K.L.:
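Attaching a single structure in structure tokens format; questions to follow.
Ligands are counted one by one from 1 in listed order, and the atoms in each one are counted from 1 as well. Computed from a predicted structure; not experimentally measured. All residue numbers in this chain count up from 1 along the given sequence.
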Amino acid sequence: MTQNVAIVGLGLIGGSLGLALKRSKQDIHIIGFDRSYATADEAYRRGIIDSIAPSAKSACEKADVIIFATPVNTTAVLLEEASLWDFKDRVIISDTGSTKKPIMEAAKVLTDKGLTFIGGHPMAGSHKSGISAAKEHLFENAYYILTPHEGASSEQINQLSNLLQPTKGKIVVLNADEHDRMTAIVSHFPHIIASSLVGRLADQEKQQPFVKKLAAGGFRDLTRIASADPTMWRDITMQNREELLIQLDGWLQEMESIRTLIFENDPELIFRFFEDAKKFRDRLPSTSEGALQGALYMTFDLHIDIPDHPGVISEITKILADEQISITNIRIVETRTDVYGILVISFQNTDDRKAARAVLSRTTDYSMHIL
Ligand SMILES: NC(=O)c1ccc[n+]([C@@H]2O[C@H](COP(=O)([O-])OP(=O)(O)OC[C@H]3O[C@@H](n4cnc5c(N)ncnc54)[C@H](O)[C@@H]3O)[C@@H](O)[C@H]2O)c1
Ligand SMILES: O=C(O)C(=O)C[C@]1(C(=O)O)C=C[C@@H](O)C=C1
């Protein structure tokens, strides 16, 4: 029997979910709704959804499973409005929001009426937003967290997990408190730091106009996420305010002790500060070790030692293009005359990276590394 799935909000996450569900072996009809008709129309034309609904209500009332993929404050408002909608009896309602406690609280208007709500959060994304950035592989190897309401049965949790299988995410069940505490540590607070570092650069650029030209690899790597959508991050910050304040207090204390460290200028203690951080960072699971991507998201990068000669990059991209291996990013980490430069190419998944490594080892003698 056909399963009707409604996706409300067809941006990066709703669109990627639609693309992933499209490869399902189950008989699924995806009904999409977005407040922007142009977005819904693009989703339909790209085959991400099977039909466009005229409203969120109309999409949801026909659905067996509903996934809200809107910014978290909007999702809370929609859940409130949904208390007046006529759902199918056995409907499962879920979302993709980056926060879970306030969403679970907002869903109470529905669960109090006997409806089933299972919070969801795929722990993979991007600083890009909107349907144009949607990718079928986005959730591959990422944790996909579910936070079921206490009324949800294991059969319903399994039904949702089965539906989500084509995302190739790893489903884990957590409670909403744990979820919000952990995502504050590894996702939400780092985002605040990235944006504030960019803010410091913007302030100081007034006195040092040349400084932003020096913002090289380190600054860029550390602040990539500051380019993300401000609406999404405003909502997350407001909804996870308590955990963020806890993180901020800890950080201020940490900065105070780092201030003392620098003031006292003890070489051994300064060395140990960097050494401890390096040891811990180097032990974090990486996708190259077969670990899951997740909050500690690793891109599928291949580092290639290339000589600093004109034409080398086009040689490599041509080899990959001939093999139909798509790349998501390409950058030079270091290039100096007479010294090997390092080209970093990012792929969508481990399979593409493996195929690229294999073809480049057959056709070139450049050494390659996965960090
Ligand atoms: N971007 C990420 O990295 C990421 C990762 C995991 C989860 N999430 C969560 O997923 C959700 C969606 O994020 P995104 O990155 O896809 O955002 P997005 O901005 O790319 O997409 C959101 C979509 O929702 C639509 N929308 C907004 N208000 C609406 C309404 N009232 N009715 C219908 N549609 C509406 C917008 O037009 C847009 O197309 C958020 O809750 C976010 O916290 C984001
Ligand atoms: O990779 C990024 O750009 C992200 O910010 C993705 C990221 C994260 O912090 O890891 C951001 C928010 C989501 O809730 C999940 C994933």
Side-chain angles (χ1 to χ4, degrees), residues 6-19 31-43 48-49 52-60 66-82 94-100 102-103 106 119-135 138-139 142-145 167 169 179-180 182-195 221-240 284 287 292-300 328-329 346:
I7 303 181
V8 178
L10 295 163
L12 170 74
I13 300 298
S16 300
L17 208 49
L19 281 169
I31 317 161
F33 173 73
D34 196 283
R35 68 165 178 194
S36 145
Y37 185 78
T39 298
D41 189 45
E42 183 175 340
I48 296 175
I49 56 174
I52 303 179
S55 64
K57 178 176 185 287
S58 144
C60 294
I66 299 163
I67 300 176
F68 288 99
T70 40
V72 285
N73 286 352
T74 305
T75 302
V77 171
L78 286 168
L79 292 173
E80 175 74 41
E81 288 174 12
S94 186
D95 77 313
T96 62
S98 306
T99 52
K100 290 277 71 76
I103 295 293
H121 180 199
M123 277 302 297
S126 163
H127 55 283
K128 295 185 185 149
S129 54
I131 191 146
S132 54
K135 291 191 297 189
L138 187 66
F139 310 117
Y143 283 107
Y144 197 122
I145 300 163
T167 63
H179 171 277
D180 287 5
M182 291 194 285
T183 50
I185 300 169
V186 293
S187 174
H188 305 170
F189 189 66
H191 206 94
I192 304 272
I193 299 299
S195 298
D221 285 355
L222 205 54
T223 58
R224 172 186 64 81
I225 53 178
S227 291
D229 180 45
T231 304
M232 166 176 154
W233 285 98
R234 175 201 62 195
D235 287 11
I236 293 172
T237 303
M238 291 172 71
Q239 288 204 3
N240 210 9
L284 292 179
T287 47
L292 297 169
Q293 61 158 308
L296 306 169
Y297 173 79
M298 308 290 286
T299 48
F300 302 98
T328 58
N329 198 7
S346 308

K.L.:
Identify each donor-acceptor pair in which a side-chain atom of residues 73-81 lies under 3.5 Å from a protein atom, sequence neighbours left out, and give them as a table.
P.N.:
residue, atom, partner, partner atom, Å
Asn73, OD1, Gln239, NE2, 3.0
Asn73, ND2, Asp235, OD1, 3.0
Thr75, OG1, Thr70, O, 3.0
Thr75, OG1, Thr70, OG1, 2.7
Thr75, OG1, Pro71, O, 3.3

K.L.:
Tell me: protein heavy atom nearest atom 9 (C) of ligand 1, and distance?
P.N.:
Thr96 O, 3.2 Å

K.L.:
Enumerate the atoms of ligand 2 whose separation from the nearest heavy atom of His127 is less than 4.0 angstrom.
P.N.:
3 (O)

K.L.:
Between Ser187 and ligand 2, is there a nitrogen or oxygen pair with a distance under 3.5 Å?
P.N.:
yes

K.L.:
Between ligand 2 and Arg224, is the shortest N or O to N or O distance under 3.5 Å?
P.N.:
yes

K.L.:
Measure Thr74 to ligand 1 on non-hydrogen atoms and call it side chain, backbone, both or neither using the 4.0 Å cut-off.
P.N.:
side chain

K.L.:
Test of understanding: with salt bridge (charged side-chain N to carboxylate O under 4.0 Å, His left out), list the residues that count as partners of Lys57, not counting sequence neighbours.
P.N.:
Glu61

K.L.:
May I ask whether Ala56 has any heavy atom positioned less than 4.0 angstrom from an atom of ligand 1?
P.N.:
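Outside the 4.0 Å threshold, so no.
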
K.L.:
Taking the non-hydrogen atoms of His121, is any one of them nearer than 4.0 angstrom to ligand 2?
P.N.:
yes

K.L.:
Heavy atoms only: give me the nearest Pro54-Phe33 pair and the separation to one decimal.
P.N.:
O-CE1, 3.6 Å

K.L.:
Check whether any protein heavy atom sits under 4.0 Å from atom 17 (O) of ligand 1.
P.N.:
no

K.L.:
If we set the cut-off at 4.0 Å for heavy atoms, which region of Ala69 has an atom near ligand 1: side chain, backbone, both, or neither?
P.N.:
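Within the 4.0 Å criterion, Ala69 contacts ligand 1 through backbone atoms alone.
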
K.L.:
How far is atom 8 (N) of ligand 1 from its nearest protein heavy atom, and which residue and atom name does that atom have?
P.N.:
Ser98 OG, 3.5 Å

K.L.:
Within a distance under 4.0 Å of any heavy atom of Gly130, pick out the atoms of ligand 1 and give their elements.
P.N.:
18 (P), 20 (O)

K.L.:
Is there any N or O on Leu12 that sits under 3.5 Å from an N or O of ligand 1?
P.N.:
yes

K.L.:
Is there a polar contact, in the sense of an N or O pair closer than 3.5 Å, between Ser98 and ligand 2?
P.N.:
yes

K.L.:
In this structure, does ligand 2 have an atom that sits under 4.0 Å from one of the heavy atoms of Ser126?
P.N.:
yes

K.L.:
Can you tell me the protein heavy atom closest to atom 34 (N) of ligand 1 and the distance?
P.N.:
Arg35 N, 3.2 Å

K.L.:
Pick one: which of Asn240, Asp95, Thr183 meets side chain to side chain contact (heavy atoms under 4.5 Å, CB included) with Lys100?
P.N.:
Asp95

K.L.:
Give the residue, atom name and distance (to 0.1 Å) of the protein heavy atom nearest atom 5 (C) of ligand 1.
P.N.:
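Result for atom 5 (C) of ligand 1: Ala124 O, 3.2 Å.
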
K.L.:
Check the angle between the aromatic planes of Phe139 and Tyr144 and answer parallel, tilted or perpendicular using the 30° and 60° thresholds.
P.N.:
perpendicular

K.L.:
Among all protein heavy atoms in this structure, tell me which lies nearest to atom 2 (C) of ligand 1, with the distance rounded to 0.1 Å.
P.N.:
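The closest one turns out to be Met232 CE, 3.4 Å.
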
K.L.:
Between His121 and ligand 1, which part of the residue brings a heavy atom under 4.0 Å of the ligand: side chain, backbone, both or neither?
P.N.:
side chain

K.L.:
Which atoms from ligand 2 have a heavy atom of Trp233 less than 4.0 Å away?
P.N.:
11 (C), 12 (C)

K.L.:
Among protein heavy atoms, which sits nearest to atom 25 (C) of ligand 1, and what does the distance come to when rounded to 0.1 Å?
P.N.:
Asp34 OD2, 3.2 Å

K.L.:
Less than 4.5 Å apart, side chain to side chain, heavy atoms only: is that true for Trp233 and Ile225?
P.N.:
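Side chain of Trp233 against side chain of Ile225, heavy atoms only: no contact under 4.5 Å found.
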
K.L.:
Return the residue, atom name and 0.1 Å-rounded distance of the protein heavy atom closest to atom 14 (P) of ligand 1.
P.N.:
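Heavy-atom neighbour on the protein nearest atom 14 (P) of ligand 1: Ile13 CG1, 3.8 Å.
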
K.L.:
What protein heavy atom sits nearest atom 41 (O) of ligand 1, and how far away is it?
P.N.:
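Sorting protein heavy atoms by distance from atom 41 (O) of ligand 1 puts Thr70 O, 2.7 Å first.
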
